[in-house]
Engineer: 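Mind looking over this structure? Questions follow.
We're numbering straight along the sequence, starting at 1. Note that the coordinates shown come from a computational prediction; the quantities given were computed from them, not determined experimentally.
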Amino acid sequence: MKKKDGFDGQQAVVIPRKILQEQCAQNDLMAALYITDMGYYPKARFHHRVRPDGVDQHILIYCVDGKGSARFNRQTYSVSAGDFFIIPRKTAHSYSADEADPWTIYWVHFDGSASDTVIRSLENKAESLKSTVPWRDQRITLFGSIYRQLENGNDLDNIFYANLCFGQFLASLLFPERYTPDNQADSREIVAAATALMKQQIGSQLPLQELAKSANLSVSHFVHQFKKKTGYTPIEYFNNLKVQKACELLLYTELRIKEVAASVGMSDQYYFSRFFTRLMGMSPNHYRQQKGG
């Protein structure tokens, strides 16, 4: 089963085309960039769209949960939480929610004399019409504010305010490194929070999703920020901490190798020995023999 719309909790607002022509396209400021339609589809199972001729506006889709895919400009894009993409006007396209893990998306159709510049800005910056941004509560709050203004009526003040705010919403996607509200962690805080969680759960197999959640970021953006700051992926860094802890236990306790392995979250003693040797260049037993030396 495939659906264009009709999802539990969905929201959508369409601006009458007469209003767009009379109030947006004729206004010197709004004519540069304005919304024509927008909405929100939560857990949009079976969501599917195919438009062989595209539409008359650019389409922005921002995924905050789940997965999906999109195809346009002869490219297929995998989409997951934190990703957004923009489909240029009059471009043949299709997109679908993943059947097993359907996406939750915020979407906007937009137009205006400056709207093509938005497309070029994304292509120049990301070298693609798809990019990834960290989660920001403020971004979603801003989207909700824009939506409510348009939902409240079509008077000039509502539309003017909503479209001015839409420029800020786009900026938060195109320039996420500049969109850093005060209560969001910088890269140093991201690493510190993740490292603290790793040390706290050194004896477990800590999912990457949980580490990303500790920094309030999408997995892809968390990995990017973490590696940029430390030079290692989070998994590599966590493994290094496990070996560091294992070295401490080998040197300063009488725990057996099997017990040391279990202490750092590895139930298989032989896997642990291979793992330790690969990172330390010697076996756990050989390392322990150096005790006091």
Engineer: Of the non-hydrogen atoms in Gly112 and Ser115, which two are nearest, and what is the gap between them?
Structural biologist: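 Result for this residue pair: O-OG, 2.6 Å.
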
Engineer: Taking all non-hydrogen atoms of both residues into account, name the closest pair between Ala70 and Val79 and its distance.
Structural biologist: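 So the two residues come closest at N-CG2, 4.5 Å.
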
Engineer: What class does the angle between the rings of His93 and Tyr95 fall in, given that below 30° is parallel, 30 to 60° is tilted and above 60° is perpendicular?
Structural biologist: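 His93 and Tyr95: parallel rings.
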
Engineer: Crowded around Lys125 NZ? As in, over 12 foreign heavy atoms under 6.0 Å?
Structural biologist: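 More than 12 heavy atoms, drawn from other residues, nucleotides or ligands, come within 6.0 Å of this atom.
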
Engineer: Measure across Ser218 and Gly82 and return the closest heavy-atom pair with its distance rounded to 0.1 Å.
Structural biologist: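 Minimum heavy-atom contact is CB-CA, 4.0 Å.
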
Engineer: Apply the test ring-ring contact (aromatic ring centres under 6.0 Å, His included) to residues Tyr237 and Phe226: give CA-CA distance (whole Å), side-chain angles for both, the deciding distance (0.1 Å), then the verdict.
Structural biologist: CA-CA 9 Å; Tyr237 196 89; Phe226 193 96; 5.1 Å; yes

Engineer: To check you understand the geometry: which heavy-atom pair defines the closest contact between Ser78 and Asp83, and what is its length?
Structural biologist: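 Closest pair (atom of Ser78, atom of Asp83, distance): O-OD2, 3.8 Å.
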
Engineer: Can we say Lys90 and Asp53 salt-bridge, meaning some charged N sits less than 4.0 Å from an Asp/Glu carboxylate O?
Structural biologist: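 Salt bridge flag = no for Asp53 with Lys90.
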
Engineer: Salt-bridge test for Asp101 and Lys43: reply yes if a basic N is under 4.0 Å from a carboxylate O, no otherwise.
Structural biologist: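 Yes, this pair counts.
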
Engineer: Is any side-chain heavy atom of Gln75 closer than 4.5 Å to a side-chain heavy atom of Lys130?
Structural biologist: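 Result no, sub-4.5 Å side-chain heavy-atom pair not found.
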
Engineer: Between CG of Asn158 and CG of Asn152, what distance do you get to the nearest 0.5 Å?
Structural biologist: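 Taking CG in Asn158 and CG in Asn152, the distance rounds to 6.0 Å.
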
Engineer: Hey, what do you get for CG (Leu122) to CD (Glu127), rounding to the nearest 0.5 Å?
Structural biologist: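 Going from the CG atom of Leu122 to the CD atom of Glu127 covers 11.0 Å.
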
Engineer: Any link between Leu255 and Tyr270 through a network of hydrophobic side chains (Ile, Leu, Val, Met, Phe, Trp, Tyr) touching at under 4.5 Å?
Structural biologist: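 They do not share one cluster, since no chain of ILVMFWY contacts under 4.5 Å joins Leu255 to Tyr270.
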
Engineer: Kindly give the heavy-atom pair with the smallest separation between Tyr147 and Ala12, and that separation in Å.
Structural biologist: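 In terms of heavy atoms, the two residues are closest at OH-N, 3.0 Å.
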
Engineer: Tell me, do Phe160 and Asn27 make a side-chain contact under 4.5 Å, heavy atoms counted?
Structural biologist: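 Yes, close enough: below the 4.5 Å cut-off.
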
Engineer: Without hydrogens or angle criteria, can the side chains of Glu151 and Gln11 be said to hold a donor-acceptor pair below 3.5 Å?
Structural biologist: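 There is no such pair between these side chains.
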
Engineer: Which of these passes side-chain contact (heavy atoms from CB on, under 4.5 Å) with Phe166: Ile35, Leu150, Leu142?
Structural biologist: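 It is Ile35; the other options fail the test.
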
Engineer: With distance as the sole criterion, is a donor-acceptor pair present between the side chains of Thr117 and Arg120 under 3.5 Å?
Structural biologist: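 Yes, Arg120 and Thr117 have a side-chain donor paired with an acceptor closer than 3.5 Å.
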
Engineer: Is Lys242 close to Asn239 at the side-chain level, that is, under 4.5 Å between some pair of heavy atoms?
Structural biologist: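 Counting from C-beta outward, Asn239 and Lys242 do come under 4.5 Å.
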
Engineer: For side chain to side chain contact (heavy atoms under 4.5 Å, CB included), just list the numbers for Asn163 and Phe110, CA-CA rounded to whole Å, side-chain angles, deciding distance to a tenth of an Å, and then say yes or no.
Structural biologist: CA-CA 10 Å; Asn163 284 310; Phe110 64 97; over 6 Å; no

Engineer: What pair of heavy atoms forms the shortest contact from Leu208 to Pro234, and how long is it?
Structural biologist: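 Scanning both residues completely, I find the closest heavy atoms to be CD1-CB, 3.8 Å.
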
Engineer: If you define the side chain from C-beta out and look only at heavy atoms, does anything of Phe238 sit under 4.5 Å from Thr233?
Structural biologist: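 Not touching, per the 4.5 Å side-chain cut-off.
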
Engineer: Side chain to side chain contact (heavy atoms under 4.5 Å, CB included), that's the test. Do Leu129 and Ile87 meet it? Break it down for me.
Structural biologist: CA-CA 7 Å; Leu129 286 173; Ile87 303 172; over 6 Å; no

Engineer: When you look at NZ of Lys245, are more than 12 heavy atoms from neighbouring residues, nucleotides or ligands closer to it than 6.0 Å?
Structural biologist: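 Incorrect, the count does not exceed 12.
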
Engineer: Could you measure the distance from the CG atom of Leu217 to the CD atom of Gln225? Nearest 0.5 Å is fine.
Structural biologist: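 That separation rounds to 7.0 Å.
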
Engineer: Supply the atom-to-atom distance Lys67 NZ to Glu99 CD, rounded to the nearest 0.5 angstrom.
Structural biologist: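 Interatomic distance, Lys67 NZ to Glu99 CD, rounded to 0.5 Å: 13.5 Å.
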
Engineer: Please tell me whether Val108 and Tyr161 are part of a single hydrophobic cluster in this structure, the criterion being side-chain heavy atoms less than 4.5 Å apart.
Structural biologist: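 Different clusters.
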
Engineer: Rounded to the nearest 0.5 Å, what separation is found between the SG atom of Cys247 and the OH atom of Tyr252?
Structural biologist: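 Between Cys247 SG and Tyr252 OH, I get 10.0 Å after rounding to 0.5 Å.
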
Engineer: Please confirm whether the backbone N or O of Ile15 pairs with a side-chain atom of Arg17, one donor and one acceptor, at under 3.5 Å?
Structural biologist: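 Yes: the side chain of Arg17 pairs with the backbone of Ile15.
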
Engineer: Decide side chain to side chain contact (heavy atoms under 4.5 Å, CB included) for Ile190 and Lys229; before the verdict, give the C-alpha distance in whole Å, the side-chain angles of both, and the deciding distance to 0.1 Å.
Structural biologist: CA-CA 9 Å; Ile190 289 168; Lys229 185 66 179 177; over 6 Å; no

Engineer: Within a 6.0 Å radius of atom NZ on Lys213, are there more than 12 heavy atoms belonging to other residues, nucleotides or ligands?
Structural biologist: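 Counting neighbours around NZ of Lys213, 12 or fewer heavy atoms of other residues, nucleotides or ligands fall under 6.0 Å, so no.
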
Engineer: Phe7 and ring-ring contact (aromatic ring centres under 6.0 Å, His included): which single residue from Phe46, Tyr41, Tyr40, Trp103 fits?
Structural biologist: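 Output: one option passes, namely Tyr41.
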
Engineer: Quick one: does Ser172's side chain have a donor or acceptor within less than 3.5 Å of a partner on Phe169's backbone?
Structural biologist: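 Yes.
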
Engineer: Would you check if the side chain of Thr36 reaches a backbone N or O of His109 as a donor-acceptor pair within less than 3.5 Å?
Structural biologist: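 Checking the backbone N and O of His109 against the side chain of Thr36, a donor-acceptor pair under 3.5 Å is found.
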
Engineer: Would you kindly confirm whether Val50 and Ile61 end up in one hydrophobic cluster when ILVMFWY residues are joined by side chain heavy atoms under 4.5 Å apart?
Structural biologist: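 Looking at the clustering, Ile61 is in a separate group from Val50.
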
Engineer: Mark yes or no for whether Asn124, through its side chain, and Ser121, through its backbone, hold a donor-acceptor pair below 3.5 Å.
Structural biologist: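 No, Asn124 side chain to Ser121 backbone: no donor-acceptor pair under 3.5 Å.
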
Engineer: For Tyr106 and Arg139, test the side chains for any donor-to-acceptor distance below 3.5 angstrom and give the result as yes or no.
Structural biologist: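 No, no side-chain donor-acceptor contact under 3.5 Å.
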
Engineer: Are the side chains of Trp107 and Ile59 in contact, using a 4.5 Å heavy-atom criterion?
Structural biologist: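 They are not in contact (no side-chain heavy atoms under 4.5 Å apart), so the answer is no.
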
Engineer: Closer than 3.5 angstrom, by distance alone: can the side chain of Arg45 be matched with the main-chain N or O of Pro102 as a donor-acceptor pair?
Structural biologist: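 Not at all, since once roles are kept as given, no pair shorter than 3.5 Å links the two residues.
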
Engineer: Rounded to the nearest 0.5 Å, how far apart are CG of Asn285 and OG of Ser273?
Structural biologist: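 Asn285 atom CG to Ser273 atom OG measures 7.0 Å (nearest 0.5 Å).
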
Engineer: Does the side chain of His47 reach to within under 4.5 Å of the side chain of Ile105, using non-hydrogen atoms?
Structural biologist: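 Result yes, sub-4.5 Å side-chain heavy-atom pair found.
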
Engineer: For Gln149 and Cys165, indicate whether the former's side chain and the latter's backbone hold a donor-acceptor pair under 3.5 Å.
Structural biologist: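 No.
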
Engineer: Quick one: are Leu60 and Leu173 in side-chain contact, heavy atoms under 4.5 Å?
Structural biologist: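 Yes, side chains in contact.
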
Engineer: Please say which of His58, Gln57, Arg89 ends up in a side chain to side chain donor-acceptor pair (under 3.5 Å) with Asp111.
Structural biologist: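 Only match with Asp111 under side chain to side chain donor-acceptor pair (under 3.5 Å): Arg89.
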
Engineer: More than 12 foreign heavy atoms under 6.0 Å from CG of Asp8: is that the case here?
Structural biologist: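 For Asp8, atom CG is not crowded (no more than 12 foreign heavy atoms under 6.0 Å).
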
Engineer: Apply side chain to side chain contact (heavy atoms under 4.5 Å, CB included) to Leu249 and Arg288, showing your working.
Structural biologist: CA-CA 9 Å; Leu249 295 173; Arg288 171 166 266 173; 6.0 Å; no

Engineer: Looking at Gln205 and Gly265, would you say the former's side chain and the latter's main chain have a donor-acceptor pair under 3.5 Å?
Structural biologist: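 Yes; at least one donor-acceptor contact below 3.5 Å.
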
Engineer: Examine Ile146 and Val14 and state if one hydrophobic cluster contains both, with Ile, Leu, Val, Met, Phe, Trp and Tyr joined whenever side-chain heavy atoms are less than 4.5 Å apart.
Structural biologist: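 No: no chain of side-chain contacts under 4.5 Å links Ile146 to Val14.
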
Engineer: Are any non-hydrogen side-chain atoms of Tyr287 and Leu251 less than 4.5 angstrom apart?
Structural biologist: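 Side chain of Tyr287 against side chain of Leu251, heavy atoms only: contact under 4.5 Å found.
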
